[in-house]
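Only this structure's heavy atoms are used, side chains among them; waters, hydrogens and symmetry mates stay out.
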Amino acid sequence: AKAYHEAGHAVVARTLGITLSYVTMLPTDDMPAGGALGNSASWLARDTDQATRLAAIEKDMKACLAGPHAQKRYQPRKNKRTPNEWASDFNLAKSLATKAVLITNGRGADIPMREGPFKVTLEFDDLVEIEQLFNRISNETEALVAELWPAITRVAEKLLSRRTLFEDEVDALIADRPFAVGIGRVGQ
């Protein structure tokens with residue numbers, strides 16, 4: 001299930017054009033249970049026009065939500081309760097939705113340009129918009145995961161034997177073509 005979760009993140013990120021350093025099943029300093037490490041589309045678009053920034057935020061949201069959707073598709077849950085291991089993905093996607101709503105409503109200046117938590121006062125209408133955006137992106141991501149399922153399966157299966165894949169390897173698996181094994185790479 002974890003391999004499908006991480007493969008979901010990686011395949012959707014790459015399909016949306018988000019750079020991926022690697023996806024791994026191994027613990028790292030930043031990710032105690034493995035994960036996918038890539039660039040943030042919204043961070044790279046931070047100095048662009050509003051439409052480009054909002055599109056980039058939506059890409060990041062989809063990459064965040066792809067892991068839970070892939071894991072759910074692979075191993076459907078019997079109850080509706082969100083698993084704890086999905087909390088960070090959902091929290092990041094909600095944070096991105098909040099950022100998008102604030103930018104859309106002309107309150108983007110309220111968002112500090114740094115990492116970490118920040119406080120901003122949200123109105124009831126903001127909360128409604130955030131929930132609508134989150135739900136729309138979640139539904140779109142679920143459909144994207146279904147469309148990309150063969151590629152997600154190939155990446156997940158390879159992760160079970162290799163434990164770590166790099167961007168070019170994920171891209172080759174998405175395209176369903178063989179890839180050359182790099183010299184000195186982790187997880188070989």
Side-chain angles (χ1 to χ4, degrees), residues 1-28 30-42 54-100 130-179 186-187:
K2 181 69 174 161
Y4 277 85
H5 183 105
E6 299 309 334
H9 287 308
V11 170
V12 168
R14 289 305 298 140
T15 300
L16 295 175
I18 298 172
T19 303
L20 178 73
S21 297
Y22 61 84
V23 58
T24 186
M25 296 289 293
L26 302 170
T28 66
D30 297 327
M31 300 173 286
L37 180 66
N39 285 335
S40 163
S42 56
L54 293 172
I57 289 170
E58 289 191 12
K59 285 181 181 182
D60 283 345
M61 288 177 69
K62 288 176 182 176
C64 286
L65 295 173
H69 279 296
Q71 186 174 347
K72 181 175 136 187
R73 183 178 172 93
Y74 172 73
Q75 189 175 55
R77 307 199 68 79
K78 291 179 171 77
N79 61 40
K80 296 286 185 186
R81 199 174 132 256
T82 301
N84 290 339
E85 68 264 22
W86 297 358
S88 63
D89 294 330
F90 280 31
N91 288 340
L92 182 52
K94 283 272 184 162
S95 175
L96 289 163
T98 302
K99 182 187 288 189
I130 291 164
E131 191 66 24
Q132 289 172 342
L133 176 59
F134 181 88
N135 290 337
R136 178 177 62 80
I137 296 298
S138 183
N139 290 335
E140 289 175 12
T141 304
E142 186 174 22
L144 191 55
V145 164
E147 177 186 329
L148 298 171
W149 192 246
I152 291 169
T153 298
R154 287 191 295 273
V155 171
E157 288 173 357
K158 188 58 83 173
L159 274 173
L160 291 173
S161 63
R162 286 279 309 279
R163 309 306 263 177
T164 300
L165 297 170
F166 296 90
E167 181 179 276
D168 60 330
E169 297 166 330
V170 170
D171 288 348
L173 289 164
I174 290 169
D176 198 15
R177 66 177 193 269
F179 59 84
V186 177

For R136, the salt bridge (charged side-chain N to carboxylate O under 4.0 Å, His left out) test, sequence neighbours excluded, returns E58, E140
Tightest non-hydrogen contact, residues S42 and I57, listed as CB-CG1, 3.6 Å
query = Is R154 reaching over with its side chain to a backbone N or O of I174, donor-acceptor style, under 3.5 angstrom?
reply = yes
For A41, the side-chain contact (heavy atoms from CB on, under 4.5 Å) test, sequence neighbours excluded, returns I18, A56, K59, D60
Rounded to the nearest 0.5 angstrom, the OH-CD distance for Y22 and E6 is 10.5 Å
Output for pair (Y4 OH, Q75 CD), nearest 0.5 Å, gives 11.0 Å
Heavy-atom closest pair (V155 atom, A7 atom, distance to 0.1 Å) is CG1-CB, 3.6 Å
Could you list the donor-acceptor pairs under 3.5 angstrom formed between side-chain atoms of residues 143-153 and any protein atom two or more places apart in sequence or on another chain?
| residue | atom | partner | partner atom | Å |
| --- | --- | --- | --- | --- |
| W149 | NE1 | T153 | OG1 | 3.4 |
| T153 | OG1 | W149 | O | 3.0 |

- For N91, does its backbone N or O pair with a side-chain atom of S95 as donor and acceptor, under 3.5 Å? no
Sequence neighbours excluded, the answer for side-chain contact (heavy atoms from CB on, under 4.5 Å) partners of L92 is C64, L96
For the NZ atom on K72, are there more than 12 heavy atoms of other groups (residues, nucleotides or ligands in this structure) within a distance under 6.0 Å?
no
Output for pair (L165 CG, T24 OG1), nearest 0.5 Å, gives 8.5 Å
- request: May I ask you to say whether K158 pairs ionically with E169, meaning some side-chain N is under 4.0 Å from a carboxylate O?
  value: no
Mark yes when over 12 heavy atoms from residues, nucleotides or ligands other than F134 sit less than 6.0 Å from its CZ; otherwise mark no.
-> yes
Across all chains, not counting sequence neighbours, the side-chain contact (heavy atoms from CB on, under 4.5 Å) partners of N135 are E131
Item checked: Stepwise side-chain contact (heavy atoms from CB on, under 4.5 Å) test for H69 and S138 -> CA-CA 8 Å; H69 279 296; S138 183; 2.9 Å; yes
In short, L65 meets I137 closest at the heavy-atom pair CD1-CG2, 4.1 Å
Problem set entry | Candidate pair D89 and H5, rule side-chain contact (heavy atoms from CB on, under 4.5 Å), full reasoning | CA-CA 11 Å; D89 294 330; H5 183 105; 2.9 Å; yes
All heavy atoms of H9 vs all of A63, minimum pair found to be ND1-O, 2.7 Å
Residues at least two apart in sequence or cross-chain that pass side-chain contact (heavy atoms from CB on, under 4.5 Å) with E167, listed by chain then number, are R14, T19, L20, D171
